[in-house]
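Inspection log for the structure reproduced underneath, given as structure tokens.
So that the names make sense, note that chain A is the first sequence line, chain B the second, and so on, each numbered from 1. Every value quoted in this text rests on a predicted model; they were computed, and no experiment measured them.
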Amino acid sequence: MTEKNTKTTEYKYLKLNELQANTTVNVFGVVKFARPPTKTRGSDFSMVLSIIDPSLHENDQKLKCLLFHREKDKLPFLDVGKIVRLHRLKITQFHGDLQGQSGPGFSWLAFDEDKESPTRPVSSSSNFTFTEADINRVKELREWVASRDDLQQPNKTCFADMVPQQYYDVYCQVLATCVLEENVGFLLRVWDGTKPMNPVREFDISAADLVVDKRQDLLDVAGNLALDVALYDDHYTTGKNIKPGQYIKLNNLHAAKFHSADTRPELSELPMIELVIHRGTAYGRGVHLINNDFVGLKTLKERLEKVSEEEVEMEVSCDLPSQSQSHKSRPHEETDQSDSQMSQTIARCDVPNNKNIAKDLKISRSSRHINHYFCPECSKDSQCEMEYIFMMRFLLSDSTGELVANVWRRDAVTFFQDITPVEMFTESVLCNLVKKGLGAISTPSGPWFECCVKSYRTLSGVRYQIFDTCLV
DNA sequence: GTTTAGGGTTGG
């Protein structure tokens, strides 16, 4: 570029409603639609871009632009709502409409639409003019973008935002791939660190004859946040070239309602959805590989990192069943106020062994295959597998005093309305119910709740246990 | 200083 030292060069920018055919212009615009670069049958990559500004946006008006470049990375990767500055854009007439095209000397700058973001642009060239006037124009357009609902949501969508029957653009990381039907259907198992509200159709990719490519380490970390996306027809080949570990953008992903006999209505009244990229390229439909260093991946990567670090505290213990059961039951009812609570999930195994061992374990998020633990005290040959149980302790208080009461095992499952510890790990919907329930009763001035408490005597004194109580 | 492609009203 020769722009570097030409201080006298002052670029004149036209509003989008001032353009005329067969001219070359400089414009600012807001991205209304962008199809990422794809290889043409010629020598270049091409992309389609639609831009609008306050002068041209009503009645679905926009300026369609067609950009070419020999290198894919020299074309802008854009999301809806981003702001672009285009220099030396050729305006032509095509099918009765004005159209922008990259010509000789064409260059672009792209700006984040967030008001808080720095005004530093991403550019096609290393040398570019960038003046105070440019900054002001970007700020103006940011204000305008912020006032328009249709321009700010799409590129911030995550799986958790999805509602049945809608279409979305989502950034995510690929965990595994699998051929569903040769040349027709291709599966991407992905995650973005969030979980949709609705249950999502899951494919069984365990069959021996399936062509599966996977990153087990990522699958383990993603656990129940892994989601299946089915690509059809046009997108089959794109899918085949994607490797687990890579980041992608799914364009026009359909959260279609899925009708199946296997849905578990008792676990959720929400309809099951299936995530699909349908055939064709309407609405920019497609799957696009994203460079690892693309700035737009920042939010996703931060979220994945945070989720990956989440661990569940677990205690492992073996104890003597006869001792823990030998209590004298004296049930009575009390109305108590829960003051604080702690909860833990315990892997437990009953063995005829006098020792009580307790070890802290950290388990990572996992799901489809929950971790199995074997008792560290039992002989290696017996392979005594431990069972997941709930173990909670409440500090209860009312006007007459305080007492500490435990809930565990079957009573704890009853307490959570039949959610088992394993289900709590595997079903995020249920996990959230448990968290929500515990959160509701553990506020400093927690609500009153009615519970059945029985007392029993142990060698070290009287203990209390909650039973036959249900958190509602 | 060519050519490429030129968004499209939504299944599995």
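- A:Gln166 places its CD atom 14 Å from the C1' atom of B:dT9, with the value rounded to the nearest Å.
- With sequence neighbours excluded, the residues that form a side chain to side chain contact (heavy atoms under 4.5 Å, CB included) with A:Val211 are A:Val179.
- If you measure from atom CG of A:Asp150 to atom C1' of B:dT9, you get 17 Å, rounded to the nearest angstrom.
- At a cut-off of 3.5 angstrom, the base of B:dG7 holds no donor-acceptor pair with the side chain of A:Thr281.
- In the set B:dG6, B:dT4, B:dT10, the nucleotide with an atom closest to the side chain of A:Lys64 is B:dG6.
- When rounded to the nearest whole Å, the span between CD of A:Gln99 and P of B:dG6 equals 10 Å.
- For A:His288 and B:dG7, the NE2 to P distance is 15 Å, given to the nearest whole Å.
- Comparing B:dG6, B:dT10, B:dG12 by their nearest atom to the side chain of A:Tyr232 picks out B:dG12.
- The aromatic ring centres of A:Phe390 and A:Phe416 sit less than 6.0 Å apart.
- Stacking between A:Tyr283 and the base of B:dT10 is present: ring centres sit under 5.5 Å apart and the planes differ by under 30 degrees.
- The nucleotide whose nearest atom lies closest to any side-chain atom of A:Ser43 is, among B:dT4, B:dA5, B:dG12, B:dT4.
- Distances from the side chain of A:Val276 to the nucleotides B:dT4, B:dG8, B:dG12 place B:dG12 closest.
- Taking A:Phe68 as the reference, nothing meets the ring pair (Phe, Tyr, Trp, His ring centres under 6.0 Å) condition, with sequence neighbours excluded.
- No donor-acceptor contact under 3.5 Å links the side chain of A:Ser46 to the base of B:dT4.
- With hydrogens and angles ignored, a donor-acceptor pair under 3.5 angstrom links the side chain of A:Lys62 to the base of B:dG8.
- Comparing A:Phe45 and A:Val48 along DNA chain B, the residue whose closest nucleotide (by nearest heavy atom) sits nearer the 5' end is A:Phe45.
- With hydrogens and angles ignored, a donor-acceptor pair under 3.5 angstrom links the side chain of A:Arg285 to the base of B:dT10.
- Here the nucleotide nearest the side chain of A:Leu66, chosen from B:dT4, B:dG6, B:dT9, is B:dG6.
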Anything under 3.5 Å between a donor and an acceptor, one on a side chain of residues 300-307 of chain A, the other on a protein residue two or more places apart or in another chain? List them.
{"from": "A:Lys301", "atom 1": "NZ", "to": "A:Asn292", "atom 2": "O", "distance (Å)": "2.5"}
{"from": "A:Lys301", "atom 1": "NZ", "to": "A:Asn292", "atom 2": "OD1", "distance (Å)": "3.2"}
{"from": "A:Arg303", "atom 1": "NH1", "to": "A:Asp192", "atom 2": "O", "distance (Å)": "2.6"}

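- Around the CD atom of A:Glu182, the shell of radius 6.0 Å holds more than 12 heavy atoms that belong to other residues, nucleotides or ligands.
- Within the structure, every side-chain polar atom (N or O) of A:Arg41 is placed at least 4.0 Å from both OP1 and OP2 of B:dT3.
- In this pair, A:Phe94 lays its aromatic ring flat on the base of B:dG6, centres within 5.5 Å and planes under 30 degrees apart.
- For residues 177-187 of chain A, proximity to DNA chain B is found at A:Val184, defined as any non-hydrogen atom under 4.0 angstrom from a strand atom.
- Here A:Lys74 pairs with A:His69, A:Glu71 under the side chain to side chain contact (heavy atoms under 4.5 Å, CB included) rule; sequence neighbours left out.
- Comparing B:dT2, B:dT10, B:dG8 by their closest approach to the side chain of A:Arg70 singles out B:dT2.
- A straight line from CG of A:Asp44 to P of B:dG6 spans 14 Å, rounded to a whole angstrom.
- Contact between the side-chain N/O atoms of A:Arg201 and the OP1/OP2 oxygens of B:dG12 is not found at any separation under 4.0 Å.
- No option in A:Val229, A:Ile242, A:Leu218 other than A:Ile242 meets the side-chain contact (heavy atoms from CB on, under 4.5 Å) test with A:Val174.
- If you measure from atom CZ of A:Phe33 to atom C1' of B:dT9, you get 13 Å, rounded to the nearest angstrom.
- With sequence neighbours left out, A:Arg142 forms a salt bridge (charged side-chain N to carboxylate O under 4.0 Å, His left out) with no residue at all.
- We find that NZ of A:Lys90 is positioned 13 Å from P of B:dT4, with the value rounded to whole Å.
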